Participant: 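Please read through the structure below; I'll follow up with questions.
Below, read A as the first sequence line, B as the second, and so on, with proteins coming before strands; counting in each chain starts at 1. Note: hydrogens, waters and symmetry copies are ignored here, and every other heavy atom, side chains too, is used. All of these numbers come straight from a predicted model, not from anything done at the bench.
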Number of protein chains: 2
Amino acid sequence: MSDLGEAADIEDGKRPEGCGGRPAAGEDPVKREQILDGAHRVFMRMGFDASSMNDITREAGVSKGTLYVYFRNKEDLFAAIIQRQKSKIFEKLREILEEDRPLAEVLHDFGTAFTTHLLSETAIRGQRIVIGVIDRMPELASTFFQTGTNTGPVMLCNFLEKQVARGRLKPIEDPMMISRQFGDLCMAGLYRPRLFGEMREPPSAERIEKNVASAVRLFLGGYGAGGA
Amino acid sequence: MSDLGEAADIEDGKRPEGCGGRPAAGEDPVKREQILDGAHRVFMRMGFDASSMNDITREAGVSKGTLYVYFRNKEDLFAAIIQRQKSKIFEKLREILEEDRPLAEVLHDFGTAFTTHLLSETAIRGQRIVIGVIDRMPELASTFFQTGTNTGPVMLCNFLEKQVARGRLKPIEDPMMISRQFGDLCMAGLYRPRLFGEMREPPSAERIEKNVASAVRLFLGGYGAGGA
DNA sequence: GAGTAATCGAACCGACGGGTTCGAAATAAA
DNA sequence: TTTATTTCGAACCCGTCGGTTCGATTACTC
């Protein structure tokens, strides 16, 4: 998911020390990243409303004029931050799902990675901020959810369907619902305490594993009679 | 839970039309409720930051001076709104848990009531707002969670322990964890889409019942071997 | 009806918000 | 070096915010 948590890669390639011409105003990818990084830090620290453009100016080490050359306004800047990142977690999830191992193990590793990521400090902070601006930027929140949180279950759903097609699982009535159930079950009792700040730090790896193991057991007990 | 959604009862009793003396400044419970009601509507409509004290003044039909006689500042006012309400949902949940019926039915009704409430528009909006101010009012968010969202699972946990004590269920290792699992499982695949605005309206009763039924089935399949 | 106290309402305060402007400085191409 | 252009940085604009003040008004008590 877009977790607002990791540094960005500069897709256009950071211009190799004076080869091409000077970038046009508002088109230097390095400076753009510089702004995004600074803004990212500020937003993460203070949330959307409490962050001022002056704060971002300072943090990014860029003048206000330049800032507004690169981004039309505060909302645009925030949206750019949200959309910048397709978290690397999905790469890992895909690897797990591609391994040819017993279903229980795959589910366990998948659930652990998924849960660990979604409950991490950066991911939680990102989710809070997006939830906080939902009234003003509903489409952004929707995108954040679709290209973020929801991607894990979608991947799992595809995986399950493939298993069915290969005859390793008996047919599933509603695989997407099942996948969501599994994802949420892995985080059961952890997600909302984290989101509401009741649980100040991410759960320990042991705590997560225990939760996931319980989820896998319950899950296979309920649905797993036909497979692996 | 404190859902920010229902009208308040005036605990001190709305003074019966000129019986006692005139209330001292900032101590008229009727006016206090009037302010809270107006502020409640404004906050629900616009969120914390976007709501101004002037808006609240207008909505509550009260002067700004009076407003500040009753509440020291905006945060206090907001906190008062959050803490005012112990939602009536818990009454209903308790009734359900007290009925002497098959475990599956009790779980079904409990899960349905719990899920329906937590996914309602008012409850979701309340949760979003609280999440949005977590950085500034962490203890408030914590209270909101403890006296709200979390109360359902706590009640269920007590119920399960009682069932065990009566010999109707085999002993449960970690009943609180189980209860949380069940609550979250009932909302699996629904809660986050609602919270992130991806699902614009509350799920239909059928949708919720389907989810809860699936949760109950899974749950009893995993843990129910000893009981009822 | 006189007196007292709560409320009103509108003006006011200082701070800060997002956003703009503009001349000076820096940097690169020519 | 000249020229073109991006960036800087600080001042500035204007609106709004939370919060205060204060005289006018209302409503109650005696």
Participant: Starting from P on D:dG18, measure out to CD1 on B:Ile56 and report it in whole angstrom.
Facilitator: 8 Å

Participant: What's A:Thr57 touching, base or sugar-phosphate or nothing? Going by heavy atoms closer than 4.0 Å.
Facilitator: nothing

Participant: To the nearest 0.5 Å, tell me how far B:Thr112 OG1 sits from B:His108 NE2.
Facilitator: 4.0 Å

Participant: Let me know the distance between NZ of A:Lys31 and C1' of D:dT6, rounded to the nearest Å.
Facilitator: 9 Å

Participant: Do the side-chain N or O atoms of A:Ser63 get closer than 4.0 angstrom to the phosphate oxygens (OP1, OP2) of D:dC8?
Facilitator: yes

Participant: Rounding to an integer number of Å, can you tell me how far B:Arg136 CZ sits from D:dG18 P?
Facilitator: 11 Å

Participant: Among A:Phe71, A:Phe144, A:Phe48, find the residue that satisfies the ring-ring contact (aromatic ring centres under 6.0 Å, His included) test when tested with A:Phe78.
Facilitator: A:Phe48

Participant: Looking at residues at least two apart in the chain, or sitting in another chain, which of them share a salt bridge (Lys or Arg N to Asp or Glu O under 4.0 Å) with B:Glu201?
Facilitator: none

Participant: Take the protein atom CE of A:Met46 and the nucleotide atom C1' of C:dG17, then report the distance between them rounded to whole Å.
Facilitator: 12 Å

Participant: When rounded to the nearest 0.5 angstrom, what is the spacing between CZ in A:Phe114 and OG1 in A:Thr151?
Facilitator: 9.0 Å

Participant: Please report, rounded to the nearest Å, how far the P atom of C:dG17 is from the CZ atom of A:Phe48.
Facilitator: 13 Å

Participant: How long is the line joining OH of B:Tyr70 and P of D:dG18, in whole Å?
Facilitator: 21 Å

Participant: Tell me the interatomic distance from B:Leu67, atom CG, to C:dA10, atom P, rounded to whole angstroms.
Facilitator: 16 Å

Participant: Restricting to pairs with a member in residues 177-189 of chain A, which pass salt bridge (charged side-chain N to carboxylate O under 4.0 Å, His left out), not counting sequence neighbours?
Facilitator: A:Asp184-B:Arg192

Participant: Send over the distance from A:Asp76 CG to C:dG18 P, rounded to a whole Å.
Facilitator: 14 Å

Participant: Can you find a side-chain donor-acceptor pair between B:Thr57 and B:Asn54 that sits under 3.5 Å?
Facilitator: no

Participant: Where do N or O atoms of nucleotides 19-25 of chain D meet protein N or O atoms at under 3.5 Å, pair by pair?
Facilitator:
from	atom 1	to	atom 2	distance (Å)
D:dG19	OP2	B:Tyr68	OH	3.0
D:dG19	OP2	B:Lys74	N	3.1
D:dG19	N7	B:Lys64	NZ	2.7
D:dG19	O6	B:Lys64	NZ	2.7

Participant: I need the A:Met177 CE to B:Arg207 CZ distance, nearest 0.5 Å.
Facilitator: 5.5 Å

Participant: Please tell me if B:Ser52 has a side-chain N or O lying less than 4.0 Å from either OP1 or OP2 of D:dT16.
Facilitator: no

